[in-house]
Amino acid sequence: MKVRYFCLSLTVLAASILMTGCQDLNEDPRADLTPGTYYNTPQELEGGIASMYRMLAPDDAWGFIVWQTSYFGSDDLSTVPGSNKELMRDFDRLQGDAGNGNVGLNQWNAPWKCIYQANNVLSVVDKVAFNSEEQKNGAAGQAHFMRGMCYFFLVRTFGELPIVTDEVDIAERPDRQPISDVYELIINDLTQAEALLPETWSGQPGKANRLAAKALLADVYLTLTGWPMNQSNYYALAAEKANDVIQSGKYTLVPEYGDVFKTNNNSECIFAFQYNTAGGLPRRSTGQFAVPQDETSAAGEEGWHDFCTEVNFYRNAPKCKRTDETFHTVLKIRDTETGVFSLVQWDDMEKTRTQHPYFKKFRHGVAEPGTTAGDGVNETETEIIKMAPSTDKTLDLIRYPYVLLNYAEASAMASGGPTAAGYDAINLVRRRAGLPDLTPGLSQADFRDSVVYERAYECAGENGIRWFDIVRLQLLPQVLQQRVVGTWREDQYWENPLNPNYTSGAGLQSRYLAPIPQSEMERNPEWKQNTGY
């Protein structure tokens, strides 16, 4: 009896029924259900595909900032001492361990749920009577895309993984496979997704399409050029796939950087998860979560200060309008007796508790400015009217500027130096940021470093992007040199002290992978834990 797979299928089925409303819970005895008995029509399978996306969307998956817990070792993310932030703070100080609940639930379990649901879809796609070959291809392509994407996040986070593409018997304990084998599966899945998916889905935002598969493949190939694979031959493939997306002409940069984070499914959104607070699926890594505790709205809501940025990451940012739209540096502090707001600088030692910049770009929801809708932070230049911990803002997993920067780096590294097209790509991003064009005639290394720097600030705080660059290029020693001891009043330190065992050499390299959750190690006693945990 294949219980592990079967139980996950029931969970997915329940979610599918809730979302589609097309099935009666009393129709079939639970013991008789298999993918083949509840996915008989294209409509039923469409509900299963919707559930596949939903596996990654909620609080206990990628809808909450804690899904980035093991990426807090990077310089773009930090969090406060104490409170309920300790699990993120542990990784911020390079002290995370296998017992970390965020890593186990959000970073490990959630992608596996999606993978099992993708396997369900692929196991029955040939048995469903579709109306057309295009409809069938679209279903299979989405499953291949989501499985490939989940494995991509998992392998970069945890390293070696079991490869599960079918049912798993309860008695089986699949071995973790080499990273190279996992990437082989990822590339195969995304290549199939590219071949099967349509270029666009008219009026259906949130569905993976062919260009999303190409963009993700470009990211996969670029990742393979660095640690731990170090296969430079993939630069050319990364450039090719990213260029396919660019040449399609389907995406353009939103003119104003700040508007990217106030709108859904805009002109640069290639792939995003959709949220609907009223429908029971809020996004909860924006709004009140990105507000320092020092700030209180006129309605009495207090900031939850879940995440911020490191001091020197902000100080090293380029002076431009993108930086102004990224970081929240002037706090609106309300006097509890008079209700009057004062504007206070982020590093004011007397009036603030945090002395770290927060993220302005994640304060927003998508409600119209000036309305009282409970979607993010409703504020003026001088006051906070109301704030909410839930928003309807999409989680943009692939944005067009990310593709432009990936192309710029990959084309330079594949061609022995920066190309004219590579300069054009990075300069598009810089001009939108309010920066001048990049200096002409840079060496290959200087151009690559410029792209990596640009990506750090274009995508600050987003989806582990900065952390994956740090890992790929082994930048952690340089990042740690920029750490600043803060002055958090409660315990008189911020990022430091770091774990002394992981600040140099091989010990430091062991921080590039997160630990396999302890619960998984106990279920799989033959597995070997990642080095350093």
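We number each residue from 1, following the sequence as shown. Worth saying up front: this structure is predicted, and the values here are computed from it rather than measured.
Of the N and O atoms on the side chains of H144 and E194, not one donor lies less than 3.5 Å from an acceptor on the other residue. Side chain to side chain, Q355 and T352 meet the donor-acceptor criterion of an N or O pair below 3.5 Å. One side chain, D219 or Y402, offers a donor N or O that lies under 3.5 Å from an acceptor on the other.
The only option from R511, E160, R176 that meets the side-chain hydrogen bond (donor to acceptor under 3.5 Å, both in side chains) definition with N530 turns out to be R176.
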Please output the side-chain donor-acceptor pairs of residues 55-68 that fall under 3.5 Å, not counting sequence neighbours, one pair per line with the distance.
unit_1, atom_1, unit_2, atom_2, d
D59, OD1, R284, NE, 3.1
D59, OD2, R284, NE, 2.7
Q68, OE1, N463, N, 3.3
Q68, OE1, G464, N, 2.9
Q68, NE2, G461, O, 3.3

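Panel note: side chain S78, backbone C308; no donor-acceptor pair is recorded below 3.5 Å. At least one donor-acceptor pair under 3.5 Å links the side chain of Y53 to the backbone N or O of A208.
Taking the centre and axis of the six-membered ring of Y151, the NZ or CZ atom of R147 falls outside the cone set by 45° and 6.0 Å. Figure legend: cation-pi geometry between R156 and F152, with NZ or CZ positioned under 6.0 Å from the six-membered ring centre and within 45° of its axis.
Ring orientation note: the planes of Y457 and F327 are nearly perpendicular, at an angle over 60° on the 30°/60° scale. Note on ring orientation: taking the six-membered ring where Trp is involved, the planes of W227 and Y512 are tilted (angle from 30° to 60°).
With sequence neighbours excluded, no residue forms a salt bridge (Lys or Arg N to Asp or Glu O under 4.0 Å) with R283. Contacts of R399 classified as salt bridge (Lys or Arg N to Asp or Glu O under 4.0 Å), with partners at least two apart in sequence or in another chain: E268, E458, E462.
Of all non-hydrogen atoms in R430 and L438, the two that sit nearest each other are NE-N, 3.6 Å.
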**Verdict with reasoning, D469 to R472, per salt bridge (charged side-chain N to carboxylate O under 4.0 Å, His left out)** = CA-CA 5 Å; D469 265 356; R472 176 171 63 91; 2.8 Å; yes

